[in-house]
J.: 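This is the structure I have questions about; it appears just below.
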Amino acid sequence: MPVMTMVEAINDALRVEMRRDPRVVLLGEDVGVKGGVFGCSAGLWKEFGGDRVMDTPLSESGIVGAAIGMALYGLVPVAEIQFSDFIYPAFDQIVSEAAKMRYRSGGEYTVPMTIRTPIGGGIRGGHYHSQSPEAYFAHTPGLKVVVPSTPSDAKGLLLASIRDPDPVLFMEPKLVYRTLKEEVPEGEHVVEIGKARVVRSGKDVTLIAWGGMVGMCEKAAAKCAEEGIDCEIIDVRTIVPLDEATILESVKKTGRAVIVYEAPKTGGFGGEISAILAEKAIEWLEAPILRVTGFDTPFPYTLESVYLPEPGRIREAVLKVVRF
Amino acid sequence: MPVMTMVEAINDALRVEMRRDPRVVLLGEDVGVKGGVFGCSAGLWKEFGGDRVMDTPLSESGIVGAAIGMALYGLVPVAEIQFSDFIYPAFDQIVSEAAKMRYRSGGEYTVPMTIRTPIGGGIRGGHYHSQSPEAYFAHTPGLKVVVPSTPSDAKGLLLASIRDPDPVLFMEPKLVYRTLKEEVPEGEHVVEIGKARVVRSGKDVTLIAWGGMVGMCEKAAAKCAEEGIDCEIIDVRTIVPLDEATILESVKKTGRAVIVYEAPKTGGFGGEISAILAEKAIEWLEAPILRVTGFDTPFPYTLESVYLPEPGRIREAVLKVVRF
Amino acid sequence: MSLELISVMGDAGVPANTPAPSLAPEQLLEIYRVMVLTRLLDDRAMKLQRQGRIGFYVPALGQEASHIGTAAALTADDWVFPSYRDPGIALLRGVGVVELLHQCYGNSTDHTLGRQMPVHYSFKKIRLVSISSPIGTQIAQAAGAAMAMKIRKEPHVAITYFGDGSTSSNDFHAGLNFAGVFAAPCIFVCENNGWAISVPLEGQTASATMAAKAEAYGMPGVRVDGNDVLAVYAATHEAVERARVGHGPTLIETITFRMGGHSSSDDASRYRDPKVCEIWAKRDPIDRFKAWLEGKKLLKVAQEQAIRDRCEQELKEAIDAAEKVGPPAVSTMFDDVYATRTTQQDEQWAELKDALKRGVVAKGHHGEFPL
Amino acid sequence: MSLELISVMGDAGVPANTPAPSLAPEQLLEIYRVMVLTRLLDDRAMKLQRQGRIGFYVPALGQEASHIGTAAALTADDWVFPSYRDPGIALLRGVGVVELLHQCYGNSTDHTLGRQMPVHYSFKKIRLVSISSPIGTQIAQAAGAAMAMKIRKEPHVAITYFGDGSTSSNDFHAGLNFAGVFAAPCIFVCENNGWAISVPLEGQTASATMAAKAEAYGMPGVRVDGNDVLAVYAATHEAVERARVGHGPTLIETITFRMGGHSSSDDASRYRDPKVCEIWAKRDPIDRFKAWLEGKKLLKVAQEQAIRDRCEQELKEAIDAAEKVGPPAVSTMFDDVYATRTTQQDEQWAELKDALKRGVVAKGHHGEFPL
Ligand SMILES: Cc1ncc(C[n+]2csc(CCOP(=O)(O)OP(=O)(O)O)c2C)c(N)n1
Ligand SMILES: Cc1ncc(C[n+]2csc(CCOP(=O)(O)OP(=O)(O)O)c2C)c(N)n1
Ligand SMILES: [Mg+2]
Ligand SMILES: [Mg+2]
């Protein structure tokens, strides 16, 4: 199997699917000739031409609005929003339109569209190139929200997202984009949406994370292992629909949960996971549910590395719940 | 003291503050000559003229963007978004700009702006005139989010919001707009932002709610009282900043919590409250933390009354935690 | 940019400047019938709303030519992205009044299952895309559908309708800009009825006309007498022909007037002088079309009465039918959010169903809905 | 809408058609100095970025006339809402290079405390509003500030800068529309440099020009040679005069060219032919202004060299100064989110501070930041 970065795996997924399904089109700012600012669509404009890989005007509302129209008409659009920090001008089209189209039309009109967008820190991008806005979208029935944490999952989940009959927001952690390499199956490789991944099994505490924070948890778990603490790590993978069963099973086993996410603590999606545990697993809990998160501030530029949850802070939380 | 509906109390607050502070201006769709589609600004255009009460073009992005510019320049704008369901075209200006201006300018530039907008069900408005999107905004550091549940609080909190040095999203529950009447102090009447209200004290279980759901909790509590269950009710009042202390104190006392909100369950702000309890009060909890909420669907038209949490469903949850 | 108002029938002050489109007599009469039916539906629906039999309504009164005349210039393969004030388009494309009324009643026969407020129709069978309340969103979607038609090399067009107020929206700008850049076969119809709820035209834009906005997107803009159904047809026909052969989009401004309130919730007398309506009443699009048809000897008095009678009958039967049907089952609330329900939805429905069955939810509230 | 290009100096193919503005020699030389300083800063900052000494940079290369010439037509009381490609405005208004560099280094002397990426300046003392990355947002804000000036009956103007790509944004539409409707004293400067990252002008709009978009908002639109600093000044001066006396907004399109990459992260050779830059190099705004000044005997060779030397010296000292300063204290991360910290923030900071003090966070990561 070829070894790929996440950027390469995404590029591969797009190519595989565009070759397979002529209805698939890409659109977005700089996705064509330039191949995307991160190179995720490199080479595709050349292979598939301007009718299937469209550089658009600078309007996220237009990109998503047009993609919805294309999807209604029968194409399978994959729209790129250059940074998730710039998705807000399209918020109305996503939340009011894409997410509600099937419902409001009695199932007649559907929007099988994927919106790809980079999220999170890792590139010294300050608060306008580092946000992790998954919680905004997770609170929007009708929308699916997928966040891969490895190259292989990125390919498999992206193929599943493009083929999904509902609109999917596919969020790509910049922290992983080029830092992690792994073997990625060639050609067909689909990872089912709605299934969490047990990254590491352990018995003392469950670490729950997604995207760039999965790697941080792995580092923390390695450190904890040295200290005799056995962490289980769950990569949520799809925020919506959420695989509650896998999370509940793990926490019922370990009795302890630490949830890790990059977004500001208040209102982050980890709160929802905690609430689910507090509703459905409270009898199994032997300690408070802790969250290791970004802070209740915009994402800073210079202080980025302090803002981002890292293994040290995660380990601290693990120690707290284990020693509780 | 005069008896007022919430609409009248809001109107009164606007008038009081516009008379007191010449920097206060109103802007929005139909807020002027018509006085707002719900009448909240009735009579103000006549009293203060078109320079201070501005009917704007149909653009929420323009309304909030212009209000930010006015605030930067030294005015104190109160913008109305006709329904919170239509706030999304302004999402970028709110989240990227108003909320981050003080931070990114090192405290030099501030946006003392209030955005008023009706939320929630109660008018048979279907999914585009009934949403409760407070969770989206609560996850946005730099923004305050206020939701009154009574006419008197509406006046007091609106005056506090307009005078607040930070941008405040002031969400008005349509369910209460004209249904609840109470005495409201004349003239000056400020209710501090950041303090929850104990609506009813009780010892068996804590009901936590805001906006239109506070009244539902009161009805449920009355019913429970007949059955010998003593509910404490907390009206959160300000979602951000959240008065954790009052909530924690209550739950530590009762050992049981039921959180009630209208928005879809997944990702709603009640999840955050539950997570706070699971982090800070787990030793005091004698039962799972339950949530009685809207469902994970868009808000329906015909089935509105089934979608909205009502006393029966709240009582069910109370019974569950009490009998746990 | 020519600001000349396209007119076929002429009007006080506006000379006719465009020949009548070549439409067969039966086509003309069919357009007339749909205009009358739309008018009668409008009138009855507003009454039903006042009687509390439906929850809400948006009158199209006075704008029948504007939306029906434009839509008449399309073929059945073309896609329509309407606004909430265009019920006649569905009727013209063959949907029965009864289907509109099921939707207005939000009952279980409504194929959108009572999920939206009245007048927010959706009919895939006639390529009429689900109408939503947020202003302007359909404009960018129509541009996207038209881009897809072009990508697929299909000779169809997308047409989208919106009001003067909607030209201020984000998606007006995005939609016209995308259509311009991609030379997409999209027809943008701005129904300029002078008002956006209580805000008059001059409060909406400082542009001399709405048609002039086309230049900003590199497309032709035309102004047409929106109460002259033949002028509206002619202008649209030309735009559609251009679009079909790859010459890109057009912005059509139909100058018309909102004779009623904004909706059943609105009282226009609070913000506008009713006298202005009197002027526009003289330009009534149905009266003018009737006079024109009569002048051409295409419509006789008896025939006109027969059309009206038929419409009234259809309407009466439709209301009777719609009122017979009960509300949708509660279980449908969880359908169609996703292609398949999530485990969270399954769980929520199971709990709700159980509570409803046991009757523990507040009395009188839910009794009326079947599970 | 006149599409004639306003030109003072003339250029190959473009005849001069506008008299030189009446500016005193010292004003002209000051503009020249700021243009040179901006150019030198640009050059050095791109090198600093490549050396890894600053994290990011956005070159203004080739656009010095466009943003400095427009800003020169303002008075100190006017408000500026710039984009990220306009560093010369701050310099022209008296901010020292060192202040810009502190920001680019994101150090503790940067009064915005290293919170934003480089070139996102904010200087309240010169009424230059905090620059953000999201495209277009400043346009609606400038319209609002101008509305406030009008409401307060103050004779100031707001000016806002944005690129050709930004004309596609929601807030371009909203901002110009609001300014038009409220006749606000706002100057909209579209710096048309031909590119939005990799997307060329024709991929952005089908409009013949950007200036033509003004008509859609009922305001005058003018096109000016953006590499002719005097033409740019003249066009802005006229617009400002109109605005000050209550005649409302103007859209100015400056035709210029982005000589460099979009930013330090971009490699333009991947999508555009470098040859096109050669043509524009001959239209270099500094060379042309220099030639003009020399022709008018307002600038001698020695004087020019002295200006450059002074700029180089200022730059060198500024870099030295900025590099001496350490990063901001970690505690500042929680400041200025709200006027006063929330209890949640207090708690988060207390925990973080404790962890940092105890050194339990991953090694090498945080050592560099003071608490
Ligand atoms: C984004 C958004 N903002 C506000 C509203 C509330 N609203 C509904 S219709 C309307 C006026 C629309 O005016 P216009 O576009 O002229 O259409 P008309 O009603 O005149 O047909 C407004 C403000 C809305 N539906 N969506
Ligand atoms: C809303 C938004 N979308 C996308 C981006 C990413 N982006 C940054 S600059 C830019 C191009 C801007 O082009 P233009 O307006 O012409 O300005 P120029 O860079 O040429 O000065 C893009 C797409 C952004 N910053 N904000
Ligand atoms: Mg209108
Ligand atoms: Mg540009």
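Proteins get letters first, then strands, A, B, ... in listed order; numbering begins at 1 in each.
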J.: Taking the six-membered ring of Tyr338(D) (Phe, Tyr or Trp), confirm whether the NZ or CZ of Arg102(B) is under 6.0 Å from its centre and within 45° of its axis.
T.: no
J.: Minimum heavy-atom separation for Leu75(B) to Ala148(D), with atom names?
T.: CD1-CB, 3.5 Å
J.: Sort Glu154(D) into side chain, backbone, both or neither according to what part of it lies under 4.5 angstrom from a heavy atom of chain B.
T.: side chain
J.: Is it the backbone or the side chain of Leu176(D) that comes under 4.5 Å from a heavy atom of chain B, or both, or neither?
T.: neither
J.: Which atom pair, heavy atoms only, marks the closest approach of Leu72(B) to Phe81(D)?
T.: CD1-CE2, 3.9 Å
J.: Which atoms of His173(D) come close to chain B, meaning under 4.5 Å heavy atom to heavy atom: side chain ones, backbone ones, both, or neither?
T.: neither
J.: Below 4.5 Å from any heavy atom of chain B, which atoms of Asp335(D) appear? Answer side chain, backbone, both or neither.
T.: backbone
J.: If you take all heavy atoms of Ser105(B) and Thr112(D), which pair is closest and at what distance?
T.: C-CG2, 3.7 Å
J.: Indicate the atoms forming the closest heavy-atom contact of Tyr109(B) with Phe123(D), along with that distance.
T.: OH-O, 3.6 Å
J.: In plain terms, say whether Lys153(D) and Asp51(B) are close enough for a salt bridge, that is, a side-chain N and a carboxylate O under 4.0 Å apart.
T.: yes
J.: For the backbone of Ile68(B) and the side chain of Gln141(D), can you confirm whether one donor and one acceptor N or O come within less than 3.5 Å of each other?
T.: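 Looks like no, no N/O pair under 3.5 Å.
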J.: If only side-chain N and O atoms count, and only distance matters, is there a donor-acceptor pair under 3.5 Å linking Ser132(D) with Glu97(B)?
T.: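 There is such a pair between these side chains.
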